[in-house]
Amino acid sequence: MLSLSLSLSETSPAEWKYISEGGATVVFSYQGPNHPVLTGKVLRLRKTPRAREGNGTPGDPDPHPITDEFTVEFQQKVISPRVYGNTWLQAFSAYHEPSRPLERRTISMIDISRRTGVLALDLIGGVSCAVEVKPKWGFLPNPIHLSQESRPIKTRNCRTCMYARLKQTEGKNAAMHYCPLDLFSGSRKRLEYALKGLWDSWVQSNGSINNLRVFSHGKIVRPNDGLTFQAWSRESFSLPPDAALTSIKSRFIDSLLPEFLHTSLLNHISTLQRSLDSLDCEGFAKLVELTRIESAGLGDNRDVNPLDADSMQPTMEDWVSFVDIFLSPEHQKNSSFKPSNLRYHTLAYLLSATFKDCSLIITLRPRSAHEESSSIKVIDLDFKSVNKIPGWFNLDEKIVKVYANIHAGMRKECIEGNSESEYDSCPTSTRAG
Ligand SMILES: O=P(O)(O)O[C@@H]1[C@@H](OP(=O)(O)O)[C@H](OP(=O)(O)O)[C@H](O)[C@H](OP(=O)(O)O)[C@H]1OP(=O)(O)O
Ligand SMILES: Nc1ncnc2c1ncn2[C@@H]1O[C@H](COP(=O)(O)OP(=O)(O)OP(=O)(O)O)[C@@H](O)[C@H]1O
């Protein structure tokens with residue numbers, strides 16, 4: 001790990017520009033004078049929930065916070081630097097707060113109690129067009145542990161499409177036209193369909209969905225941005241200022257398609273998601289319950305919680321040895337469905353969650369016909385905490401319950417693999433979600 005003794009306090013908050021944020025971190029790019037370390041870098045700062053009442057004071061601290069050190073080491077060993085004083089971070093946070101979207105500001109704030117952040121290469125600044133795609137879950141679950149009620153649904157409908165429906169019923173933004181199984185399919189036709197779906201949802205939500213983000217010179221572009229949007233389409237696709245939205249969409253898709261077709265990355269990500277989530281949420285929950293019953297039967301503690309964060313939160317050594325086993329033929333011995341393998345399945349499920357939540361950055365540069373495709377970079381391969389597991393169990397139940405209420409004829413069908421024939425026979429209306 002590269003540990004910097006550099007003090008960010010020497011920079012002014014105005015020398016950093018807000019780029020974007022997710023649920024856990026906010027990211028800023030360095031815009032100050034040429035600097036041997038900071039130029040071309042982003043600073044990734046952890047957030048904390050905002051207290052319900054009161055303004056500006058952080059919410060209750062997480063009893064098991066994920067440290068930046070753990071995050072960085074996790075990237076290096078399982079699947080980049082630090083720094084500053086608290087007063088500087090307070091000033092930094094106050095300066096940049098107005099740049100953050102209101103819906104994020106009301107629920108979270110930069111965690112000013114932290115002493116460290118992460119510096120990473122800026123993958124978005126400096127290019128006329130960078131596209132961020134958050135693909136989400138690229139597989140249908142192993143049906144073996146599914147209940148009678150959920151099996152017919154979960155084997156036909158992917159988690160992301162069902163979850164989009166739940167979000168829609170809750171009045172939240174969701175990519176209703178996008179199915180990750182199309183994006184992960186490897187088929188040109190279906191990839192095109194997935195990219196169209198992402199674009200349509202992006203336009204309909206005015207760029208508020210998190211599955212697709214577009215950046216121009218490090219600044220987010222939204223379809224209703226008028227001049228910024230026009231300038232982006234002109235610069236990225238050499239289109240006239242009055243180009244129709246449909247022409248921009250076509251050029252956007254034509255530019256992204258080869259990037260996705262010529263990479264094995266998506267296949268790699270979905271294979272990892274699926275093989276690490278071999279029981280599905282339901283099977284994993286069953287195994288936790290079985291372990292609880294077995295431990296209680298052994299006598300000492302009836303209220304034993306097999307997912308107790310203090311004992312289950314993996315250490316770096318746990319992660320390293322898990323990866324060794326997972327990649328060896330030994331993994332079969334450790335993955336059978338029995339309480340003694342709960343720890344193996346817990347680490348596997350957590351790591352699967354990391355791959356289910358990562359994002360891809362694709363930079364589109366005008367290039368000659370002979371030039372190689374530019375590479376796709378993966379971001380947000382963060383470690384997920386064991387504390388999240390009970391919430392995932394509840395969410396899984398809720399997602400399926402809401403989807404089960406939809407009339408069978410109105411359900412969308414998600415198709416795994418690269419088949420185009422089933423895809424062709426499936427009426428568009430049933431795919432449009
Ligand atoms: O559970 P999901 O699928 O809703 O994923 C969460 C994401 O929601 P999404 O559905 O992509 O809008 C969510 O994204 P947003 O905050 O909605 O942009 C986070 O990525 C969250 O992870 P973390 O809390 O930041 O570690 C994600 O939580 P994890 O479940 O990956 O921990
Ligand atoms: N290295 C980078 N270069 C440029 N921009 C970045 C970089 N890393 C992250 N970003 C931007 O910052 C946003 C938030 O970062 P990130 O996805 O890592 O946060 P997160 O809170 O972990 O997200 P999530 O809620 O999806 O888990 C990204 O969606 C992306 O737009």
Side-chain angles (χ1 to χ4, degrees), residues 16-31 40-49 62 65-66 68 71-72 74-75 80-81 99-101 103-104 107-108 110-111 117-127 130-138 158-168 170 172-175 178 180 201 205 207-221 273 277 281 349-363 377-396 398-399:
W16 294 89
K17 188 173 77 175
Y18 172 88
I19 299 188
S20 183
E21 65 189 274
T25 64
V26 198
V27 177
F28 301 88
S29 67
Y30 179 71
Q31 304 287 308
K41 297 282 169 43
V42 293
L43 177 61
R44 195 163 174 252
L45 298 175
R46 287 242 155 230
K47 300 197 291 187
T48 186
D62 182 345
I66 297 168
D68 290 318
T71 304
V72 170
F74 183 74
Q75 311 293 326
S80 350
S99 315
R100 300 181 54 217
E103 65 278 12
R104 296 277 191 188
I107 55 169
S108 64
I110 291 176
D111 187 351
V118 174
L119 277 180
L121 210 61
D122 184 353
L123 302 172
I124 280 172
V127 283
V131 177
E132 178 177 352
V133 173
K134 190 177 190 181
K136 300 299 289 189
W137 299 35
C158 82
R159 194 261 195 187
T160 304
C161 288
M162 290 195 284
Y163 193 16
R165 189 52 91 101
L166 169 64
K167 287 181 184 172
Q168 190 190 43
E170 290 176 341
K172 295 180 186 156
N173 276 320
Y178 162 69
S201 295
S205 68
S208 299
I209 52 158
N210 64 5
N211 303 90
L212 178 68
R213 289 185 179 128
V214 176
F215 297 86
S216 179
H217 301 285
K219 195 174 176 305
I220 200 148
V221 176
Q273 292 177 349
D277 178 2
C281 207
Y349 199 81
L350 291 175
L351 195 52
S352 170
T354 294
F355 292 109
K356 289 165 180 164
D357 199 38
C358 69
S359 294
L360 312 172
I361 305 272
I362 308 103
T363 45
K377 302 274 187 310
V378 187
I379 60 162
D380 196 9
L381 286 167
D382 281 351
F383 153 77
K384 300 283 177 183
S385 165
V386 96
N387 300 326
K388 290 199 138 192
I389 296 173
W392 289 336
F393 291 166
N394 293 336
L395 182 60
D396 179 67
K398 192 172 168 189
I399 288 173

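Since we're looking at a predicted model, the values are computed, not measured. As the structure lists them, so they are numbered: ligands from 1, and atoms in each ligand from 1.
The heavy atom nearest to atom 11 (C) of ligand 2, out of those in L123, T354, V27, is found in V27. Around atom 5 (O) of ligand 1, the closest heavy atom drawn from K384, K136, K356 belongs to K136.
Among all non-hydrogen protein atoms, the one lying nearest atom 19 (C) of ligand 1 is D357 OD2, 3.8 Å. The shortest contact between atom 30 (O) of ligand 1 and any protein heavy atom is with W392 NE1, 2.9 Å. Atom 9 (C) of ligand 2 has as its closest protein heavy atom I379 CD1, 3.5 Å. Here the protein heavy atom with the shortest distance to atom 31 (O) of ligand 2 is E132 OE1, 2.4 Å. Of the protein's non-hydrogen atoms, the one nearest atom 4 (O) of ligand 1 is Y163 CE2, 2.9 Å. Protein heavy atom at the shortest distance from atom 28 (O) of ligand 1 is K388 NZ, 3.4 Å. Considering only non-hydrogen protein atoms, atom 15 (P) of ligand 1 sits nearest to N210 ND2, 3.5 Å. The protein atom (non-hydrogen) at minimum distance from atom 25 (O) of ligand 1 is A24 N, 3.3 Å. Closest to atom 5 (N) of ligand 2, if we only count protein heavy atoms, is I124 CD1, 3.3 Å. Distance from atom 19 (O) of ligand 2 to its nearest protein heavy atom, with residue and atom name: T25 OG1, 2.8 Å. Distance from atom 25 (O) of ligand 2 to its nearest protein heavy atom, with residue and atom name: G23 N, 2.4 Å. From the protein, the heavy atom lying nearest to atom 23 (O) of ligand 2 is D380 OD2, 3.0 Å.
Proximity of L121 to ligand 2, defined as any heavy-atom pair under 4.0 Å, is confined to the backbone N, CA, C and O atoms. With a 4.0 Å cut-off on non-hydrogen atoms, R159 touches ligand 1 through its side chain and not its backbone. Both the backbone and the side chain of D122 come within contact range of ligand 2, each with a heavy atom under 4.0 Å. At a heavy-atom distance under 4.0 Å, only side-chain atoms of K134, from C-beta outward, approach ligand 2. Using a 4.0 Å cut-off between heavy atoms, K134 contacts ligand 1 through its side chain alone, with no backbone atom that close. Residue contacts with ligand 1, taken as heavy atom pairs separated by less than 4.0 Å, involve R104 solely via side-chain atoms from C-beta onward.
Considering backbone and side-chain N/O atoms, K384 never comes within less than 3.5 Å of an N/O atom of ligand 2. The shortest N or O to N or O distance between A120 and ligand 2 is not below 3.5 Å. Residue W137 has no N or O atom closer than 3.5 Å to an N or O atom of ligand 1. Between L395 and ligand 1, no pair of N/O atoms sits closer than 3.5 Å.
Between W392 and Y349, the ring centre distance stays below 6.0 Å.
At least one donor-acceptor pair under 3.5 Å links the side chain of Y178 to the backbone N or O of P135. Checking side-chain atoms of Q273 against main-chain N and O of K136 turns up a donor-acceptor pair under 3.5 Å. A distance-only check finds no donor-acceptor pair linking the side chain of S359 to the backbone of I379 [under 3.5 Å]. Using modelled atom types, no side-chain atom of Q168 and backbone atom of A174 make a donor-acceptor pair closer than 3.5 Å. A donor-acceptor pair under 3.5 Å links the side-chain atoms of K47 to the main chain of G22, judged by distance alone. At distances below 3.5 Å, not a single donor-acceptor pair connects side-chain atoms of S108 with backbone N or O atoms of T48.
Remark: of the listed residues R100, R46, R44, R100 is the sole one forming a salt bridge (charged side-chain N to carboxylate O under 4.0 Å, His left out) with E21.
Counting non-hydrogen atoms of neighbouring residues, nucleotides and ligands closer than 6.0 angstrom, the NZ atom of K17 exceeds 12 such neighbours.
If you number the atoms of ligand 1 from 1 as listed, the ones under 4.0 Å from a heavy atom of K167 come out as 9 (P), 10 (O), 12 (O). In the vicinity of E21, heavy-atom distances shorter than 4.0 Å reach the ligand 2 atoms 13 (C), 14 (C). Close approach of ligand 2 to D382 (heavy-atom distance below 4.0 Å) involves ligand atoms 22 (O). Within the listing of ligand 1, atoms 16 (O), 25 (O) sit less than 4.0 angstrom from a heavy atom of G23. Of all the atoms in ligand 2, the ones that sit under 4.0 Å from a non-hydrogen atom of V42 are 1 (N), 2 (C), 3 (N), 4 (C).
Between atom CG of residue N211 and atom OG of residue S201 there is a gap of 7.5 Å, rounded to the nearest 0.5 Å. Interatomic distance, K219 NZ to S99 OG, rounded to the nearest 0.5 Å: 9.5 Å. Separating the OH atom in Y30 from the NZ atom in K41 is a distance of 11.5 Å, to the nearest 0.5 Å. One distance of note links CD1 of I110 with CZ of F28; it measures 4.0 Å at 0.5 Å rounding. Rounded to the nearest 0.5 Å, atoms OG (S216) and CD1 (I220) are 11.5 Å apart.
Salt-bridge check for K134 with D380: failed, with every basic side-chain N at 4.0 Å or more from each acidic carboxylate O. A salt bridge is absent between R159 and D277: the closest approach of a Lys/Arg side-chain nitrogen to an acidic carboxylate oxygen does not fall below 4.0 angstrom.
Residue contacts with ligand 2: R44 is included, with a non-hydrogen atom under 4.0 Å away.
Both tests do not hold together for K388 against F383: distance to the six-membered ring centre under 6.0 Å, angle to the ring axis within 45°.
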